[in-house]
Amino acid sequence: MREAPERIQRLPEQYFTALLARVAAAAAEEGDRLVDLGRGNPEVGPPEHVIEALSESAARPDVHGYAPFAGLPALKDAIAQRYGEVYDVDIDPAREVAVLPGTKTGLMEFALSAVERGGTIVLPDPGYPDYFSAVALAGAQSVSFDGFDVAADALYLNYPSNPTAATVPEGLFEEAVRWAQRNEAWILHDFAYGDLVFHGRRPQSFLAVEGARDVGIELFSMSKSYGMAGWRLGFALGNQELVRRIEVLQDHTFAGIFRPIQEAGIAALTGPQDSVEERRATYEHRRDRALAALAGLDARSQGTFFVWFRLPDDVTVERLLTEQRVAVAPGEGFGARGAGWARLSLAVTDETLELGLKRLARLGAG
Ligand SMILES: Cc1ncc(COP(=O)(O)O)c(C=O)c1O
């Protein structure tokens, strides 16, 4: 076999690909039904009117060619309008929005367009594993976030957080903006779970903070708010210079997004929003069930569709998988500080969750 270029070799093992393979192998072994609480894949799709918008659009003869590379202006208008209504943030749709084929792509594009090779990027630890991939792809180096007394070229933030399910601490966005100004650094705020917050909290956009758009962008994903993970649609919003660089990069690497998907995205963003609240309320209810079942453990969740919990000393994720036949995501995959913790997903049916919790409840009782 020929040796791959160094930039491919640098990429870490993709955490979720490896996790899925491990869970599939365990499921194939003999034993009780395996309960998979390891993945973060929305279990309910978008509302009916969004599906209808997709099929009506796809039935038209004039939508099958290349769509405009930078996305439909009406889609940019739609997300800007939602930012105004839901997050109280004014967005210039023409200059402050890039349309992305899912925000995972944006995580990579930000690193490539904000940081020089050899630069330093601060990452949350524990944090979403693809941030490490972005750093590797950009030929940069990462350091774990440990407060704002650090010199670096960029910072990834993510609230509500995957995997810790924490919402943003008071004043942190403001401090991050001051840090970026001092260091002439860029910030990416990953808002993938923005609408999924509990305890009556309001979603908090990074861009609502003064000065934020001078130093960074926010990624908004259609995957979690609207159950459209497989559709691959998201946005980078905020700093005009970064938005422009991302669009330039996409002009060279993508040729737009299938127009019916964009039109269905407009329907999702501008149509009835009850499904967003229903989804949020469902996860909050399931979170309450999970925290009650794990009562003896340190288990946390203020948002997202995850619960982050500390494993008892003698328990590992591998043992949960083989002995209890419950899959959860091992904390160390999210960074060194995740060791000894695990992430449980609420994005499953109530029946699956109850079965998994029944098995996990034995841990808390011990
Ligand atoms: C924290 C976080 N960021 C980004 C993504 C990517 O979302 P998408 O590419 O579907 O927009 C995910 C998906 O699970 C996520 O958990």
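Quick caveat, the model's predicted, so the values are computed rather than measured. Both ligands and their constituent atoms are indexed starting at 1 by order of listing.
Between F191 and the options Y87, F206, Y159, a ring-ring contact (aromatic ring centres under 6.0 Å, His included) holds for only Y87.
Which parts of ligand 1 touch S223 is read off a 4.0 Å heavy-atom cut-off, strictly below it: atoms 8 (P), 10 (O), 11 (O). Atoms of ligand 1 found under 4.0 Å from any heavy atom of G102 (numbered from 1 in listed order, with element): 9 (O), 11 (O).
Ring geometry for H189 against F173 counts as perpendicular: the plane angle is over 60°, on a 0 to 90° scale with 30° as the lower cut.
Some N or O of Y193 is nearer than 3.5 Å to an N or O of ligand 1, by distance alone. The shortest N or O to N or O distance between K104 and ligand 1 is below 3.5 Å.
S57 contributes no side-chain N or O that, together with a main-chain N or O of A53, makes up a donor-acceptor pair within less than 3.5 Å.
Ion pairing between R201 and E284 fails under the 4.0 Å rule for side-chain N and carboxylate O. Ionic pairing of E318 and R22 is present here: one or more N-O contacts between side-chain nitrogen and carboxylate oxygen are shorter than 4.0 angstrom.
Closest to atom 6 (C) of ligand 1 among all protein heavy atoms lies T103 OG1, 3.5 Å. Regarding atom 4 (C) of ligand 1, its nearest protein heavy-atom neighbour is D190 OD2, 3.4 Å.
If you look at N158 next to ligand 1, the close heavy atoms, those under 4.0 Å, all belong to the side chain. If you look at N162 next to ligand 1, the close heavy atoms, those under 4.0 Å, all belong to the side chain.
Counting heavy-atom neighbours within 6.0 Å of R289 CZ, excluding the residue itself, gives a total of 12 or less.
Nearest residue to atom 12 (C) of ligand 1 from Y128, F305, Y159 is Y128 (criterion: closest heavy atom). Closest heavy-atom approach to atom 13 (C) of ligand 1 within the set M228, K224, R232: this belongs to K224.
In this view, D288 satisfies the salt bridge (Lys or Arg N to Asp or Glu O under 4.0 Å) rule with no residue, not counting sequence neighbours.
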